[in-house]
Participant: 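The structure that follows is given in the form of C-alpha coordinates.
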Amino acid sequence: MTVRRLPAVALTAALLVTTGCAPGAAPVPPAPPGSTASAEAAMNGLDVVFLTTMVAHTERTLEITGLGRDRVTDARLRTLVAAIEVTEADELATLRGWLREAGPAATGGGHRHDHNHGDGDSLARLRAAPDGAVDPVLRQVLAEHQQAAADLARSHQTVGSSPRVRDFARRVEQSRTAEVSLLSGGPDARDEPA
Amino acid sequence: MRRRITFPLMATGAVLSTLAVAAPAQAHGYVSGPPSRQALCAQGRVPDCGQIKYEPQSVEGPKGLRNCHAGIAHFAVLNDDSRGWPATSVGSTVTFTWTNTVLHATSNWEYFIGGTRVAVFDGGGRPPGYTVSHTVNLGGWSGRQKLLAVWNIGDTANAFYSCVDLQIGGGGGPSPTPSPTPPAPTPTPSASPTNPPAPGGTWTTGRAYQVGDQVTYGGLTYRCRQAHTAIPGWEPPNVPALWSQV
(Lines give C-alpha, C1' and ligand atoms only; values in the text may rest on other atoms or scores of the structure.)
Protein backbone atom coordinates (compact mmCIF):
# COMPACT_ATOMS: atom_id res chain seq x y z
CA MET A 1 0.00 0.00 0.00
CA THR A 2 1.33 3.40 -0.86
CA VAL A 3 0.92 6.35 1.44
CA ARG A 4 0.74 9.81 -0.01
CA ARG A 5 2.04 12.56 2.17
CA LEU A 6 0.40 15.86 1.46
CA PRO A 7 0.67 19.32 3.00
CA ALA A 8 -2.14 20.28 5.32
CA VAL A 9 -3.53 22.89 2.98
CA ALA A 10 -4.09 20.23 0.37
CA LEU A 11 -6.26 18.19 2.67
CA THR A 12 -9.50 19.37 1.23
CA ALA A 13 -12.53 17.22 1.17
CA ALA A 14 -12.46 17.03 -2.59
CA LEU A 15 -8.95 15.70 -2.53
CA LEU A 16 -9.89 13.12 0.04
CA VAL A 17 -12.70 11.99 -2.12
CA THR A 18 -10.66 11.74 -5.26
CA THR A 19 -7.41 10.36 -3.92
CA GLY A 20 -8.18 8.93 -0.55
CA CYS A 21 -11.58 7.47 -1.03
CA ALA A 22 -12.01 6.79 -4.71
CA PRO A 23 -15.16 4.75 -5.26
CA GLY A 24 -15.61 1.94 -7.64
CA ALA A 25 -12.20 0.31 -7.34
CA ALA A 26 -13.60 -3.15 -7.88
CA PRO A 27 -15.21 -4.00 -11.20
CA VAL A 28 -18.60 -5.50 -10.62
CA PRO A 29 -19.96 -7.97 -13.14
CA PRO A 30 -23.49 -7.22 -14.31
CA ALA A 31 -26.35 -8.60 -12.28
CA PRO A 32 -28.58 -11.26 -13.78
CA PRO A 33 -31.46 -9.61 -15.65
CA GLY A 34 -34.54 -8.93 -13.61
CA SER A 35 -32.96 -9.42 -10.21
CA THR A 36 -31.71 -5.93 -9.47
CA ALA A 37 -34.93 -4.16 -8.62
CA SER A 38 -36.17 -6.72 -6.12
CA ALA A 39 -32.78 -7.11 -4.49
CA GLU A 40 -32.38 -3.37 -4.07
CA ALA A 41 -35.82 -3.11 -2.59
CA ALA A 42 -35.04 -5.82 -0.09
CA MET A 43 -31.59 -4.65 1.05
CA ASN A 44 -30.95 -1.38 2.79
CA GLY A 45 -27.63 0.43 2.79
CA LEU A 46 -26.58 -1.16 6.05
CA ASP A 47 -27.12 -4.61 4.54
CA VAL A 48 -24.72 -3.63 1.76
CA VAL A 49 -22.18 -2.31 4.25
CA PHE A 50 -22.45 -5.50 6.31
CA LEU A 51 -22.02 -7.75 3.29
CA THR A 52 -19.07 -5.74 2.04
CA THR A 53 -17.40 -5.93 5.43
CA MET A 54 -18.08 -9.65 5.66
CA VAL A 55 -16.50 -10.19 2.24
CA ALA A 56 -13.28 -8.59 3.47
CA HIS A 57 -13.48 -10.46 6.76
CA THR A 58 -14.02 -13.78 4.99
CA GLU A 59 -11.12 -13.15 2.64
CA ARG A 60 -8.98 -12.72 5.74
CA THR A 61 -10.37 -15.93 7.26
CA LEU A 62 -9.25 -17.81 4.18
CA GLU A 63 -5.79 -16.29 4.48
CA ILE A 64 -5.58 -17.48 8.08
CA THR A 65 -6.84 -20.98 7.33
CA GLY A 66 -4.56 -21.20 4.30
CA LEU A 67 -1.55 -20.35 6.45
CA GLY A 68 -2.50 -22.74 9.23
CA ARG A 69 -4.19 -25.66 7.53
CA ASP A 70 -1.17 -27.74 6.65
CA ARG A 71 0.88 -26.88 9.72
CA VAL A 72 -1.41 -27.76 12.62
CA THR A 73 -0.72 -30.99 14.45
CA ASP A 74 -3.91 -31.61 16.41
CA ALA A 75 -6.26 -33.68 14.24
CA ARG A 76 -9.41 -32.17 15.68
CA LEU A 77 -8.13 -28.65 15.09
CA ARG A 78 -7.18 -29.56 11.54
CA THR A 79 -10.71 -30.83 10.91
CA LEU A 80 -12.23 -27.65 12.30
CA VAL A 81 -9.96 -25.40 10.24
CA ALA A 82 -10.78 -27.35 7.08
CA ALA A 83 -14.52 -27.10 7.75
CA ILE A 84 -14.27 -23.36 8.39
CA GLU A 85 -12.35 -22.98 5.16
CA VAL A 86 -14.90 -24.77 2.93
CA THR A 87 -17.95 -23.17 4.54
CA GLU A 88 -16.54 -19.66 4.28
CA ALA A 89 -15.38 -20.19 0.71
CA ASP A 90 -19.00 -21.02 -0.12
CA GLU A 91 -20.26 -18.03 1.83
CA LEU A 92 -17.85 -15.72 0.03
CA ALA A 93 -19.29 -16.74 -3.33
CA THR A 94 -22.82 -16.21 -2.00
CA LEU A 95 -22.03 -12.77 -0.59
CA ARG A 96 -20.40 -11.63 -3.81
CA GLY A 97 -23.48 -12.81 -5.70
CA TRP A 98 -25.80 -10.84 -3.42
CA LEU A 99 -23.67 -7.71 -3.83
CA ARG A 100 -23.78 -8.13 -7.61
CA GLU A 101 -27.55 -8.39 -7.43
CA ALA A 102 -27.68 -5.21 -5.38
CA GLY A 103 -26.43 -3.47 -8.51
CA PRO A 104 -23.94 -0.77 -9.30
CA ALA A 105 -25.78 1.86 -7.25
CA ALA A 106 -24.99 -0.10 -4.11
CA THR A 107 -21.55 -1.41 -4.89
CA GLY A 108 -20.23 1.33 -7.17
CA GLY A 109 -19.87 3.80 -4.35
CA GLY A 110 -18.53 1.33 -1.87
CA HIS A 111 -14.96 0.97 -0.86
CA ARG A 112 -12.77 -1.97 -1.29
CA HIS A 113 -10.07 -2.78 1.19
CA ASP A 114 -7.92 -5.82 1.20
CA HIS A 115 -5.97 -4.84 4.25
CA ASN A 116 -6.08 -3.08 7.56
CA HIS A 117 -8.60 -5.19 9.34
CA GLY A 118 -6.73 -4.59 12.51
CA ASP A 119 -5.12 -7.98 12.68
CA GLY A 120 -2.23 -7.79 10.24
CA ASP A 121 0.11 -8.62 13.12
CA SER A 122 -1.73 -11.86 13.70
CA LEU A 123 -0.91 -13.12 10.21
CA ALA A 124 2.73 -12.33 10.87
CA ARG A 125 2.58 -14.20 14.17
CA LEU A 126 1.09 -17.19 12.39
CA ARG A 127 3.80 -17.14 9.75
CA ALA A 128 6.49 -16.81 12.40
CA ALA A 129 5.27 -19.71 14.52
CA PRO A 130 7.82 -22.53 14.32
CA ASP A 131 6.73 -25.97 13.17
CA GLY A 132 5.15 -27.86 16.01
CA ALA A 133 4.07 -24.65 17.75
CA VAL A 134 1.44 -23.53 15.28
CA ASP A 135 -1.62 -24.89 17.08
CA PRO A 136 -1.86 -22.40 19.97
CA VAL A 137 -1.14 -19.43 17.69
CA LEU A 138 -3.75 -20.52 15.18
CA ARG A 139 -6.30 -21.14 17.92
CA GLN A 140 -5.80 -17.64 19.27
CA VAL A 141 -5.64 -15.82 15.94
CA LEU A 142 -8.67 -17.56 14.50
CA ALA A 143 -10.69 -17.24 17.71
CA GLU A 144 -10.10 -13.47 17.84
CA HIS A 145 -10.93 -13.13 14.16
CA GLN A 146 -14.14 -15.16 14.36
CA GLN A 147 -15.23 -13.40 17.53
CA ALA A 148 -15.07 -10.11 15.62
CA ALA A 149 -17.39 -11.56 12.97
CA ALA A 150 -19.83 -12.76 15.62
CA ASP A 151 -19.90 -9.27 17.16
CA LEU A 152 -20.44 -7.61 13.79
CA ALA A 153 -23.18 -10.05 12.84
CA ARG A 154 -24.95 -9.62 16.17
CA SER A 155 -25.09 -5.86 15.80
CA HIS A 156 -26.30 -6.08 12.21
CA GLN A 157 -29.36 -8.15 13.02
CA THR A 158 -31.14 -5.15 14.53
CA VAL A 159 -30.50 -2.74 11.66
CA GLY A 160 -30.64 -4.73 8.43
CA SER A 161 -33.78 -4.97 6.34
CA SER A 162 -33.24 -7.94 4.02
CA PRO A 163 -34.56 -11.16 5.57
CA ARG A 164 -31.92 -13.28 3.89
CA VAL A 165 -29.09 -11.01 5.00
CA ARG A 166 -30.48 -11.00 8.54
CA ASP A 167 -30.71 -14.79 8.43
CA PHE A 168 -27.14 -14.95 7.22
CA ALA A 169 -26.07 -12.63 10.05
CA ARG A 170 -27.82 -14.90 12.54
CA ARG A 171 -25.97 -17.93 11.21
CA VAL A 172 -22.67 -16.07 11.27
CA GLU A 173 -23.21 -15.12 14.90
CA GLN A 174 -24.12 -18.70 15.83
CA SER A 175 -21.42 -20.50 13.89
CA ARG A 176 -18.56 -18.15 14.74
CA THR A 177 -19.50 -18.17 18.41
CA ALA A 178 -19.47 -21.97 18.39
CA GLU A 179 -16.18 -22.00 16.50
CA VAL A 180 -14.60 -19.74 19.11
CA SER A 181 -15.75 -22.17 21.78
CA LEU A 182 -14.24 -25.11 19.92
CA LEU A 183 -11.01 -23.21 19.25
CA SER A 184 -10.71 -22.28 22.89
CA GLY A 185 -10.94 -25.91 23.87
CA GLY A 186 -14.50 -25.55 25.11
CA PRO A 187 -17.04 -28.34 25.03
CA ASP A 188 -15.77 -30.50 22.25
CA ALA A 189 -17.31 -33.19 20.19
CA ARG A 190 -16.78 -36.76 21.15
CA ASP A 191 -16.70 -39.33 18.45
CA GLU A 192 -19.71 -41.43 19.10
CA PRO A 193 -20.26 -44.89 17.72
CA ALA A 194 -22.57 -44.81 14.73
CA MET B 1 -19.92 8.77 33.78
CA ARG B 2 -18.65 12.03 32.45
CA ARG B 3 -15.08 12.01 31.34
CA ARG B 4 -13.03 15.06 30.77
CA ILE B 5 -9.67 13.83 29.64
CA THR B 6 -7.23 16.34 28.29
CA PHE B 7 -6.36 15.60 24.72
CA PRO B 8 -2.91 14.04 24.96
CA LEU B 9 -0.10 16.34 23.92
CA MET B 10 1.57 13.42 22.26
CA ALA B 11 -1.35 12.90 19.91
CA THR B 12 -1.45 16.60 19.06
CA GLY B 13 2.21 16.47 18.20
CA ALA B 14 1.65 13.47 16.01
CA VAL B 15 -1.03 15.31 14.08
CA LEU B 16 1.20 18.29 13.50
CA SER B 17 4.25 16.33 12.50
CA THR B 18 2.81 13.66 10.26
CA LEU B 19 0.10 15.13 8.14
CA ALA B 20 -0.48 12.13 6.00
CA VAL B 21 -3.41 10.80 4.12
CA ALA B 22 -3.48 7.24 2.98
CA ALA B 23 -4.68 6.04 -0.36
CA PRO B 24 -7.04 4.31 -0.09
CA ALA B 25 -8.43 5.68 3.13
CA GLN B 26 -7.50 3.42 5.96
CA ALA B 27 -10.49 3.30 8.23
CA HIS B 28 -14.24 3.58 8.07
CA GLY B 29 -16.98 3.77 10.64
CA TYR B 30 -20.19 5.45 11.74
CA VAL B 31 -22.46 5.63 14.77
CA SER B 32 -25.04 2.89 14.37
CA GLY B 33 -26.82 3.33 17.68
CA PRO B 34 -28.61 5.51 18.49
CA PRO B 35 -28.82 5.82 14.70
CA SER B 36 -26.75 8.63 13.23
CA ARG B 37 -28.03 10.65 10.30
CA GLN B 38 -26.10 8.47 7.85
CA ALA B 39 -27.48 5.32 9.51
CA LEU B 40 -31.02 6.67 9.10
CA CYS B 41 -30.28 7.28 5.42
CA ALA B 42 -28.79 3.81 4.99
CA GLN B 43 -31.76 2.19 6.66
CA GLY B 44 -34.09 4.11 4.37
CA ARG B 45 -35.80 5.80 7.34
CA VAL B 46 -34.89 9.17 5.85
CA PRO B 47 -35.35 9.09 2.07
CA ASP B 48 -33.47 10.72 -0.80
CA CYS B 49 -30.10 11.08 0.88
CA GLY B 50 -28.06 10.24 -2.20
CA GLN B 51 -24.91 8.12 -2.18
CA ILE B 52 -24.48 8.23 1.61
CA LYS B 53 -27.18 5.56 1.72
CA TYR B 54 -24.65 3.00 0.61
CA GLU B 55 -21.61 4.23 2.49
CA PRO B 56 -22.59 5.61 5.89
CA GLN B 57 -19.10 4.68 7.07
CA SER B 58 -17.36 7.07 4.67
CA VAL B 59 -17.94 10.49 6.26
CA GLU B 60 -14.23 11.17 6.53
CA GLY B 61 -12.39 14.44 6.64
CA PRO B 62 -9.49 16.23 8.29
CA LYS B 63 -9.47 16.24 12.07
CA GLY B 64 -11.02 19.22 13.81
CA LEU B 65 -14.16 19.71 11.72
CA ARG B 66 -17.40 20.41 13.55
CA ASN B 67 -20.02 19.64 10.93
CA CYS B 68 -21.98 16.50 10.09
CA HIS B 69 -20.70 15.84 6.58
CA ALA B 70 -16.94 16.29 6.93
CA GLY B 71 -17.17 19.06 4.35
CA ILE B 72 -17.85 16.57 1.57
CA ALA B 73 -20.17 18.17 -0.97
CA HIS B 74 -22.07 15.06 -1.99
CA PHE B 75 -22.76 14.23 1.66
CA ALA B 76 -24.05 17.76 2.41
CA VAL B 77 -27.53 16.40 3.13
CA LEU B 78 -26.16 15.21 6.48
CA ASN B 79 -25.52 18.78 7.55
CA ASP B 80 -28.98 19.97 6.53
CA ASP B 81 -30.91 20.42 9.78
CA SER B 82 -34.12 21.09 7.85
CA ARG B 83 -34.41 17.49 6.69
CA GLY B 84 -36.60 16.52 9.64
CA TRP B 85 -34.15 14.05 11.13
CA PRO B 86 -35.98 11.87 13.64
CA ALA B 87 -34.53 12.22 17.13
CA THR B 88 -34.03 9.18 19.34
CA SER B 89 -35.43 9.52 22.87
CA VAL B 90 -32.76 8.89 25.45
CA GLY B 91 -32.18 9.35 29.16
CA SER B 92 -29.34 11.30 30.67
CA THR B 93 -26.92 8.43 30.08
CA VAL B 94 -26.53 7.23 26.52
CA THR B 95 -24.50 4.38 25.10
CA PHE B 96 -23.22 5.15 21.61
CA THR B 97 -22.17 2.30 19.35
CA TRP B 98 -19.85 2.71 16.41
CA THR B 99 -19.88 0.16 13.62
CA ASN B 100 -16.48 0.10 11.98
CA THR B 101 -15.99 -1.57 8.64
CA VAL B 102 -12.26 -1.06 8.32
CA LEU B 103 -10.20 -1.00 11.46
CA HIS B 104 -7.23 1.14 12.18
CA ALA B 105 -5.19 2.62 14.98
CA THR B 106 -7.33 4.99 16.99
CA SER B 107 -6.29 8.22 18.66
CA ASN B 108 -9.60 8.79 20.42
CA TRP B 109 -13.32 9.28 20.15
CA GLU B 110 -14.88 12.65 20.96
CA TYR B 111 -18.49 13.69 21.50
CA PHE B 112 -19.71 17.27 21.08
CA ILE B 113 -22.94 19.14 21.63
CA GLY B 114 -22.78 22.62 20.20
CA GLY B 115 -19.27 23.82 20.92
CA THR B 116 -18.89 21.71 24.06
CA ARG B 117 -17.00 18.48 24.19
CA VAL B 118 -19.13 16.32 26.41
CA ALA B 119 -16.92 13.21 26.40
CA VAL B 120 -13.68 11.79 25.09
CA PHE B 121 -12.45 8.20 25.10
CA ASP B 122 -8.84 7.26 24.53
CA GLY B 123 -8.16 4.77 21.76
CA GLY B 124 -4.64 3.97 22.92
CA GLY B 125 -3.35 3.95 19.35
CA ARG B 126 -4.80 0.49 18.83
CA PRO B 127 -7.31 -0.68 16.23
CA PRO B 128 -10.85 -1.02 17.60
CA GLY B 129 -13.23 -3.90 17.05
CA TYR B 130 -15.95 -3.90 14.43
CA THR B 131 -18.20 -2.47 17.10
CA VAL B 132 -17.20 -0.05 19.84
CA SER B 133 -19.51 1.29 22.55
CA HIS B 134 -19.12 4.33 24.80
CA THR B 135 -21.40 5.39 27.62
CA VAL B 136 -21.73 9.16 27.80
CA ASN B 137 -23.35 11.20 30.57
CA LEU B 138 -25.55 13.92 29.08
CA GLY B 139 -26.91 14.97 32.48
CA GLY B 140 -26.44 18.66 31.81
CA TRP B 141 -28.47 18.59 28.62
CA SER B 142 -32.15 18.26 27.80
CA GLY B 143 -34.57 18.53 24.92
CA ARG B 144 -33.66 18.07 21.31
CA GLN B 145 -29.90 18.14 20.71
CA LYS B 146 -27.65 17.44 17.76
CA LEU B 147 -24.65 15.45 18.97
CA LEU B 148 -21.50 15.17 16.87
CA ALA B 149 -19.44 12.01 17.35
CA VAL B 150 -15.87 11.97 16.03
CA TRP B 151 -13.51 9.03 15.56
CA ASN B 152 -9.97 10.42 15.37
CA ILE B 153 -7.62 8.08 13.55
CA GLY B 154 -4.23 7.55 15.14
CA ASP B 155 -1.90 7.53 12.19
CA THR B 156 -3.55 9.72 9.60
CA ALA B 157 -4.71 13.33 9.73
CA ASN B 158 -8.29 12.22 9.31
CA ALA B 159 -11.36 11.60 11.40
CA PHE B 160 -14.81 10.13 10.86
CA TYR B 161 -17.91 12.12 11.69
CA SER B 162 -21.44 11.11 12.69
CA CYS B 163 -24.26 13.38 13.82
CA VAL B 164 -26.90 11.87 16.08
CA ASP B 165 -30.19 13.63 16.80
CA LEU B 166 -31.32 13.05 20.37
CA GLN B 167 -34.33 13.93 22.49
CA ILE B 168 -32.79 13.99 25.94
CA GLY B 169 -34.88 13.37 29.05
CA GLY B 170 -38.42 14.66 29.36
CA GLY B 171 -37.52 18.25 28.61
CA GLY B 172 -39.07 20.57 26.03
CA GLY B 173 -38.49 20.61 22.34
CA PRO B 174 -40.22 18.83 19.53
CA SER B 175 -41.76 15.44 20.12
CA PRO B 176 -39.38 12.61 19.56
CA THR B 177 -39.87 10.20 16.75
CA PRO B 178 -39.91 6.54 17.71
CA SER B 179 -36.49 5.00 17.97
CA PRO B 180 -35.14 2.29 15.74
CA THR B 181 -37.27 -0.45 14.34
CA PRO B 182 -37.27 -3.47 16.59
CA PRO B 183 -35.51 -6.52 15.23
CA ALA B 184 -37.63 -9.10 13.54
CA PRO B 185 -38.16 -12.29 15.47
CA THR B 186 -35.32 -14.69 14.98
CA PRO B 187 -36.40 -17.74 13.05
CA THR B 188 -35.69 -20.92 14.91
CA PRO B 189 -34.25 -23.71 12.84
CA SER B 190 -36.19 -26.86 13.11
CA ALA B 191 -34.17 -29.88 13.96
CA SER B 192 -37.09 -32.22 14.19
CA PRO B 193 -37.45 -34.58 11.27
CA THR B 194 -40.91 -35.55 10.18
CA ASN B 195 -39.73 -38.85 8.76
CA PRO B 196 -38.16 -41.73 10.64
CA PRO B 197 -34.46 -41.08 11.01
CA ALA B 198 -32.17 -42.43 8.36
CA PRO B 199 -29.09 -44.35 9.41
CA GLY B 200 -26.92 -41.96 11.37
CA GLY B 201 -29.90 -40.32 13.03
CA THR B 202 -30.96 -36.75 13.34
CA TRP B 203 -28.42 -33.99 12.80
CA THR B 204 -27.12 -33.07 16.26
CA THR B 205 -24.90 -30.17 17.30
CA GLY B 206 -21.71 -31.20 19.04
CA ARG B 207 -21.45 -34.47 17.16
CA ALA B 208 -18.43 -35.22 14.98
CA TYR B 209 -19.42 -36.35 11.49
CA GLN B 210 -17.22 -38.15 8.99
CA VAL B 211 -17.42 -38.11 5.21
CA GLY B 212 -20.25 -40.37 4.11
CA ASP B 213 -22.27 -40.13 7.35
CA GLN B 214 -25.98 -39.63 6.73
CA VAL B 215 -28.34 -37.56 8.87
CA THR B 216 -31.86 -36.25 8.66
CA TYR B 217 -32.71 -32.60 9.13
CA GLY B 218 -36.08 -30.99 8.56
CA GLY B 219 -37.41 -34.22 7.06
CA LEU B 220 -34.66 -34.48 4.45
CA THR B 221 -31.62 -36.72 4.34
CA TYR B 222 -28.11 -35.37 3.91
CA ARG B 223 -24.72 -36.99 3.40
CA CYS B 224 -21.59 -35.53 4.95
CA ARG B 225 -19.10 -34.21 2.38
CA GLN B 226 -16.44 -32.91 4.75
CA ALA B 227 -15.55 -34.11 8.25
CA HIS B 228 -16.58 -31.62 10.93
CA THR B 229 -18.21 -31.15 14.31
CA ALA B 230 -21.80 -29.93 13.95
CA ILE B 231 -22.43 -26.47 15.41
CA PRO B 232 -25.39 -24.06 15.35
CA GLY B 233 -25.41 -22.14 12.07
CA TRP B 234 -24.05 -25.16 10.20
CA GLU B 235 -27.41 -26.84 9.71
CA PRO B 236 -27.15 -29.13 6.65
CA PRO B 237 -29.29 -27.02 4.28
CA ASN B 238 -27.21 -23.94 5.17
CA VAL B 239 -23.76 -25.37 4.47
CA PRO B 240 -23.60 -27.13 1.11
CA ALA B 241 -19.84 -27.38 1.58
CA LEU B 242 -20.42 -29.82 4.44
CA TRP B 243 -23.62 -31.63 3.47
CA SER B 244 -25.29 -32.66 0.23
CA GLN B 245 -28.92 -33.64 0.14
CA VAL B 246 -29.46 -37.29 -0.70
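Throughout, protein chains are lettered first and strands after them, A, B, ... in sequence-line order, and every chain is numbered starting at 1. All of these numbers come straight from a predicted model, not from anything done at the bench.
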Participant: Checking B:Pro237 now: which residues fulfil side chain to side chain contact (heavy atoms under 4.5 Å, CB included) with it, not counting sequence neighbours?
Facilitator: B:Tyr217, B:Tyr222, B:Glu235
Participant: Strictly distance-based, threshold 3.5 Å: is any side-chain N or O of A:Asn44 a donor or acceptor partner for the main-chain N or O of B:Gly44?
Facilitator: no
Participant: What option among A:Val172, A:Val159, A:Asp47 has the most heavy-atom pairs under 4.5 Å with chain B?
Facilitator: A:Val159
Participant: Give the minimum heavy-atom separation between A:Leu46 and B:Pro56, together with the two atoms involved.
Facilitator: CD2-CG, 3.7 Å
Participant: Where on A:Thr87 is there a heavy atom nearer than 4.5 Å to chain B: the side chain, the backbone, both, or neither?
Facilitator: both
Participant: So which residue, B:Asn100, B:Leu242, B:Thr99, ends up with the most heavy-atom pairs under 4.5 Å with chain A?
Facilitator: B:Leu242
Participant: Test side chain to side chain contact (heavy atoms under 4.5 Å, CB included) on B:Ile231 and A:Glu179; report intermediate values, then the result.
Facilitator: CA-CA 8 Å; B:Ile231 56 176; A:Glu179 289 165 16; 3.7 Å; yes
Participant: Give the intermediate values and the outcome of side chain to side chain contact (heavy atoms under 4.5 Å, CB included) for residues B:Trp234 and A:Ile84.
Facilitator: CA-CA 10 Å; B:Trp234 280 2; A:Ile84 289 173; 4.1 Å; yes
Participant: Among B:Gln226, B:His69, B:Arg225, B:Gln38, which residue forms the greatest number of heavy-atom pairs with chain A at distances under 4.5 Å?
Facilitator: B:Gln226
Participant: Show the nearest heavy-atom pair for residues B:Pro232 and A:Ala178, with the distance to one decimal.
Facilitator: CD-CB, 4.0 Å
Participant: Step by step, would you call A:Asp151 with B:Tyr130 a side chain to side chain contact (heavy atoms under 4.5 Å, CB included)?
Facilitator: CA-CA 7 Å; A:Asp151 294 343; B:Tyr130 285 106; 5.7 Å; no
Participant: Give the minimum heavy-atom separation between A:Gln174 and B:Gly233, together with the two atoms involved.
Facilitator: OE1-N, 3.2 Å
Participant: What do the steps show when you test B:Thr101 against A:Val49 for side chain to side chain contact (heavy atoms under 4.5 Å, CB included), and what is the final call?
Facilitator: CA-CA 8 Å; B:Thr101 62; A:Val49 172; 3.3 Å; yes
